[in-house]
Peer 1: 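I have a structure here, written as structure tokens, and I will follow up with some questions on it.
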Amino acid sequence: MEIDLIEEIYKLVRQVPRGRVSTYGAVARALGDIIASRAVGLVLNLNPDPDRTPCYRIIASDGSVGGFSRGIEEKIERLRRDGIEVRNGKVMNFGKVFFDDFDTDYPLKRLRKEQMRLSRKVRLKDELGEIRYVAGFDAGYSKSDPLTAHGAIVTIELESMEIVEEMIARKRIRFPYIPTYLAFREFPVFLEAYRRIKIQPDLILVDGNGILHPFKLGIASHIGVSLDLPTIGVAKNLLMGEMRGEDVVYQGEVLGKAVYSSRKPIFVSPGHRMSLDTAVRLVRKLCRYRIPEPVRLAHILAKS
DNA sequence: GCGACAG
DNA sequence: ATCTTGTCGC
């Protein structure tokens with residue numbers, strides 16, 4: 001069963017008693033990683049039942065009330081009805097009413113361990129047969145329905161660069177975007193689309209990173225190891241690491257390379273069954289524009 | 001207010 | 001990621 005982190009967040013929020021408040025960061029720590037604090041806010045913004053899940057009791061860590069989809073005034077009013085005093089947008093006696101005693105099994109820590117386990121299976125020597133079909137994967141979302149992911153796979157023939165197959169899948173999202181946990185959000189919809197394609201790709205390019213990840217398991221590696229297929233990660237922005245010329249270095253290791261197929265670079269890292277140099281060579285070959293064709297076409301399809 | 005961390 | 005017409009420049 002896939003993890004429903006959105007429900008985990010609501011369950012934590014329901015633990016905050018009347019007359020107490022907690023913070024986005026405290027809920028994130030109870031999930032297992034402070035990096036999820038912004039995601040907590042975004043999920044609470046989508047709270048379908050504010051009467052059952054008192055998200056107004058979650059405020060910013062500086063004691064200011066933070067946002068509320070029905071207006072900040074309504075949030076302050078609800079806090080006052082709980083007996084919380086608010087002055088100038090700040091909760092009074094914040095230290096006294098702050099709740100942090102969550103009952104939790106730290107789901108994100110479990111997922112982090114899963115990443116570490118899978119990262120040991122990543123192989124970075126070239127294990128490619130003849131490459132004829134190259135697939136690209138990307139996911140898209142819409143503001144009007146942010147809880148549905150549209151996963152697109154477009155497969156092209158490398159030699160002709162012609163599209164040979166397109167597939168789109170839709171799936172309910174139960175995991176917010178959290179930096180370094182992207183695969184837990186998008187892998188399910190990838191799999192949904194992948195299961196339906198008829199032409200077996202020899203290589204998959206993924207919108208996101210490969211080993212250019214704090215635990216060397218970005219979404220491209222996650223997909224590669226899970227399917228034992230050659231994969232490459234292609235990111236439009238840098239997640240981590242520092243530039244040394246065109247190398248992206250993290251903790252003394254070159255994990256990725258900036259590829260300048262246009263003015264603004266993309267950041268390429270091997271996902272699985274591939275060396276960095278081979279990943280870069282293949283990406284260059286696939287670039288008609290800034291983004292390599294299979295990913296660019298998948299991006300367009302995911303938005304349609 | 002700034003900085004900022006794939007999508 | 002999403003909200004988004006037309007316009008300018010290479």
Side-chain angles (χ1 to χ4, degrees), chain A residues 5-6 24-25 28 31-43 45-46 60-62 64 69 89 108 111-112 115 119 136-153 168 170-190 193 204-224 231-243 248 250-251 255-259 261-271 279 283 289-292 295-296 298-304:
Chain A
L5 201 78
I6 292 178
Y24 303 104
L31 288 172
D33 197 333
I34 185 68
I35 202 172
S37 52
R38 252 121 74 211
V40 169
L42 290 171
V43 167
N45 183 239
L46 299 174
S61 57
D62 65 355
S64 59
S69 59
L108 290 181
L111 298 183
R112 195 60 102 194
Q115 289 181 331
S119 73
F137 167 71
D138 190 25
Y141 309 84
S142 81
K143 176 93 175 181
S144 60
D145 182 13
L147 293 178
T148 298
H150 301 251
I153 293 177
I168 182 113
R170 285 157 201 81
K171 200 159 188 350
R172 286 285 290 174
I173 277 293
R174 300 310 302 173
F175 201 101
Y177 169 68
I178 305 171
T180 74
Y181 295 87
L182 175 63
F184 297 105
R185 174 173 170 83
E186 296 190 342
F187 184 74
V189 73
F190 164 80
I204 305 175
L205 271 62
V206 181
D207 193 335
N209 289 308
I211 60 168
L212 184 50
H213 178 276
F215 296 90
K216 295 191 186 181
L217 199 88
I219 185 168
S221 298
H222 197 122
I223 289 173
T231 58
I232 299 173
V234 178
K236 296 182 287 295
N237 294 287
L238 195 57
L239 170 65
M240 41 152 255
E242 47 191 64
M243 301 303 304
V248 184
Y250 182 70
Q251 293 179 346
L255 298 184
K257 258 190 159 69
V259 170
S261 39
S262 72
R263 186 92 178 235
K264 189 172 151 76
I266 54 175
F267 302 95
V268 175
S269 58
V283 165
Y289 305 100
R290 178 176 176 238
I291 308 295
V295 179
R296 191 182 70 86
H299 184 79
I300 293 165
L301 181 60
K303 284 171 68 133
S304 65

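In what follows, chains are A, B, ... by sequence order, proteins preceding strands, each numbered from 1.
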Peer 1: Between B/dA4 and C/dA1, how far is it from one C1' atom to the other, in whole Å?
Peer 2: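 The answer is 16 Å between these two C1' atoms.
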Peer 1: Would you say a side-chain N or O of A/N237 is under 4.0 Å from OP1 or OP2 of B/dG7?
Peer 2: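 So the side chain of A/N237 is within the cut-off, an N or O lying under 4.0 Å from OP1 or OP2 of B/dG7.
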Peer 1: Is it true that A/D145 and A/S142 share a donor-acceptor pair across their side chains at a distance under 3.5 Å?
Peer 2: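 Judged by distance alone, the side chains do not pair up.
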Peer 1: Figure out the NZ/P separation between A/K171 and C/dA1, and round it to whole Å.
Peer 2: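 Atom NZ in A/K171 sits about 22 Å away from atom P in C/dA1.
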Peer 1: Just the rounded figure in Å: distance from C1' of B/dG7 to CD1 of A/I219.
Peer 2: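 Result: 8 Å.
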Peer 1: Nearest whole Å is fine: how far is B/dA4 C1' from A/I34 CD1?
Peer 2: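 About 14 Å, once rounded to whole Å.
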Peer 1: Using atom CG of A/L238 as one end and atom C1' of B/dG3 as the other, report the distance to the nearest whole Å.
Peer 2: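 A/L238 atom CG is separated from B/dG3 atom C1' by 15 Å.
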Peer 1: By the 4.0 Å heavy-atom rule, please label A/Y181 as base, sugar-phosphate, or nothing.
Peer 2: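 Base: the residue A/Y181, judged by heavy atoms under 4.0 Å, touches a nucleobase.
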Peer 1: In whole Å, what is the span from the NZ atom of A/K236 to the P atom of C/dA1?
Peer 2: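 Nearest whole value for this atom pair: 4 Å.
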Peer 1: To the nearest Å, give me how far apart CG (A/D33) and C1' (B/dA6) are.
Peer 2: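 A/D33 atom CG is separated from B/dA6 atom C1' by 15 Å.
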Peer 1: When the distance from CG of A/L212 to P of B/dG7 is rounded to whole Å, what number comes out?
Peer 2: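 That distance rounds to 11 Å.
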Peer 1: Indicate, with a heavy-atom threshold strictly under 4.0 Å, whether A/T180 touches base, sugar-phosphate, or nothing.
Peer 2: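 Base: the residue A/T180, judged by heavy atoms under 4.0 Å, touches a nucleobase.
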Peer 1: I'd like to check, for A/Y177, whether its ring lies over the base of B/dG7 with centroids under 5.5 Å apart and a plane angle smaller than 30°.
Peer 2: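 A stacking contact exists, since A/Y177 sits close and nearly parallel to the base ring of B/dG7.
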Peer 1: By nearest atom, which of the nucleotides B/dA6, B/dA4, C/dA1 is closest to the A/R38 side chain?
Peer 2: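 That would be B/dA4.
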Peer 1: Verify whether the ring centers belonging to A/F184 and A/H222 lie closer than 6.0 Å.
Peer 2: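 Ring centroids of A/F184 and A/H222 are less than 6.0 Å from each other.
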Peer 1: Does A/K257 NZ have over 12 foreign heavy atoms under 6.0 Å away?
Peer 2: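 Yes.
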Peer 1: Over all strands shown, is A/N209 touching base, sugar-phosphate only, or nothing at heavy-atom distances under 4.0 angstrom?
Peer 2: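 Counting heavy atoms under 4.0 Å across all strands, the contact made by A/N209 includes a base.
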Peer 1: Parallel, tilted or perpendicular, judged at 30° and 60°: which one describes the rings of A/F190 and A/F137?
Peer 2: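 Judged by the thresholds at 30° and 60°, the geometry between A/F190 and A/F137 is perpendicular.
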Peer 1: Measure from the side chain of A/K143, starting at C-beta and using heavy atoms only, and say which of C/dC3, B/dG7, B/dC5 lies closest.
Peer 2: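 It is C/dC3.
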Peer 1: Are A/K303 and A/D138 within salt-bridge range, i.e. N to O under 4.0 Å?
Peer 2: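 No.
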Peer 1: Provide, to the nearest angstrom, the distance between the CZ atom belonging to A/F215 and the C1' atom belonging to B/dA6.
Peer 2: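 One finds 15 Å between C1' of B/dA6 and CZ of A/F215, rounded.
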